[in-house]
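Reviewing the structure listed below.
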2 protein chains.
Amino acid sequence: MLEKSHKHITCLTCASRNNSLLGSLCTDEIDHVNAHKSCNYFKKHQSLFLEGSFPRGVFCINQGMVKIFQRGDEGKEQIIHIAKSGEMVGFRAMFSEEPYKVAAETLEESNICFIGKDDFLNMMDSNPVLRNGIIKELSKELSDRADFITNMAQKSVRERLAFTMILLMDVYDPEPINLSREDLANFVGTATETLIRLLKDFKEEGIIEVHTRKITVLNKEKLFSLAGK
Amino acid sequence: MLEKSHKHITCLTCASRNNSLLGSLCTDEIDHVNAHKSCNYFKKHQSLFLEGSFPRGVFCINQGMVKIFQRGDEGKEQIIHIAKSGEMVGFRAMFSEEPYKVAAETLEESNICFIGKDDFLNMMDSNPVLRNGIIKELSKELSDRADFITNMAQKSVRERLAFTMILLMDVYDPEPINLSREDLANFVGTATETLIRLLKDFKEEGIIEVHTRKITVLNKEKLFSLAGK
DNA sequence: TTTGAAATATGATGAAGGTCATTTTTTCAA
DNA sequence: TTGAAAAAATGACCTTCATCATATTTCAAA
């Protein structure tokens, strides 16, 4: 159980910061962020931002899990990304100066800090390491999304599920994957019923082990060969 | 017919530059680019770079059309983007310092200039307008790709074709769309046969007009309503 | 601990679209 | 201009997966 008060989390000792985009900041800069950011406790299924709203800053996940998704025409969600501790969300649309085309919502209770747009942009102007880190990150994500598109277009649901599970294993490591069947289906891009049937297959084939929601991968090798990578 | 010699194209008078990312450069900077770039004539179906190779700079399309694509497991191409005059290609992987995950190939004969990696990165360091333009561009593309993924996951081939045609109308404007059936299918993410059948339907419904390869949209409204946007 | 609601699971069915085989048309080089 | 190769088109068939209906399990609040 996380601390539910709005206690300030100090960036300087934030365990998630080192492997994050803000890992490059010097002590002065960290102090500045620390003084200007706000910290919030989010319940499970709480929204960080909605499609159509305008970005006012960036969210920095200290502890927790956030899904980034789009709602299609019939309201069905397509999950684009799942962000975990140390990741920053919400800055992409901030740069493009357009309203969000995706929404963000916690998957579990989380501690998430918020850095205002101006503060963040100023930091980027004055800190080339941060700036280049962001550019690199954006580029990497572009290439991940190209893979995502190609998978969607050319692979069967079964193959996509294998691919998605490999991805989720890393996200949840060392814990078992813990997502609702619906979210999982919305990540793979299929109907919930189809996903459930495939999970059953995987279970029967000894690839995974399931305890209610929690999915443990038993045979990573097989998953890789199924995903075709 | 384009000029086939490797004649130097001067950036200063390049008609494609104004609405490109390099539109922000001052005269000095343009002179510098102009002095350090190389210009090349590309035949139809000529490769700019391959999946797996390392980026050595950026390509700037003076005149022509380039497809950006990935090859799936069975060799089937998935087209991710079609770039036209004024666009720059090949810089995404340059920032992420990873090998290309996509390949680029001309769709028609083209004049394309090349700016080396170091020259380009130096310009980015010293020119905030260029830099921000690039960041903005990367962010926009990320959001386009999120749409692309959601479309792939949730829409029928018919709906995706409508969506793709709207996109291609802008790319080819004011000319008719001029892509092989196979490329079109590989953009929509379907089998060539399925695509051909759907084109026939669209033709019969009066949405498009076809002269061999060339497709003219007659009823843009209908396309929009089909695409569900 | 009970109870109702939400999540998960299973079955039956049909449509969308992929694959393979074959024909027709277009393109391009000799 | 013609002939061969590539591209486009059509047909037949069959697999994958979405949808709808319903049953069962899990969870959380009273």
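Per chain, numbering begins at 1; letters A, B, ... match sequence-line order.
For the pair B:Arg158 CZ and C:dA15 P, the computed distance is 16 Å after rounding to whole Å. Rounded to whole Å, the distance from CG on B:Leu184 to P on D:dA8 is 10 Å. The distance from atom CD of B:Glu159 to atom P of C:dA16 is 11 Å, rounded to the nearest whole Å. Whole-Å rounding puts the B:Asp183 CG to D:dA6 C1' distance at 14 Å. Between A:His45 atom NE2 and D:dC27 atom P the separation is 14 Å, expressed in whole Å. In this structure, A:Asn178 atom CG and C:dT8 atom P are separated by 10 Å, rounded to whole Å. To the nearest angstrom, P of C:dT8 lies 10 Å from CG of A:Leu179. Atom CE of B:Met152 is separated from atom P of C:dA16 by 19 Å (rounded to the nearest Å).
Residue whose closest nucleotide on DNA chain C sits further toward the 5' end, between B:Lys44 and B:Arg160: B:Arg160.
A donor-acceptor contact shorter than 3.5 Å links the side chain of B:Gln154 to the backbone of A:Lys76.
In this structure B:Ser47 satisfies the side chain to side chain contact (heavy atoms under 4.5 Å, CB included) test together with B:Leu50, sequence neighbours excluded.
B:Phe187 and B:Ile79 get closest at one heavy-atom pair: CD1-O, 3.3 Å. Nearest heavy-atom pair, B:Ala104 versus B:Val66, reported as atom, atom and distance to 0.1 Å: CB-CG1, 3.9 Å.
In the set D:dA18, D:dA9, C:dT8, D:dA9 carries the atom at the smallest distance from any side-chain atom of B:Arg181.
Counting only heavy atoms from C-beta outward, the side chains of B:Glu105 and B:Leu48 never approach each other to under 4.5 Å.
Within residues 188-202 of chain A, the residues that place at least one heavy atom under 4.0 Å from DNA chain C are, in residue-number order, A:Glu193, A:Ile196, A:Arg197, A:Lys200.
Judged by the 6.0 Å distance and 45° axis criteria, B:Lys117 is not positioned over the aromatic ring of B:Phe120.
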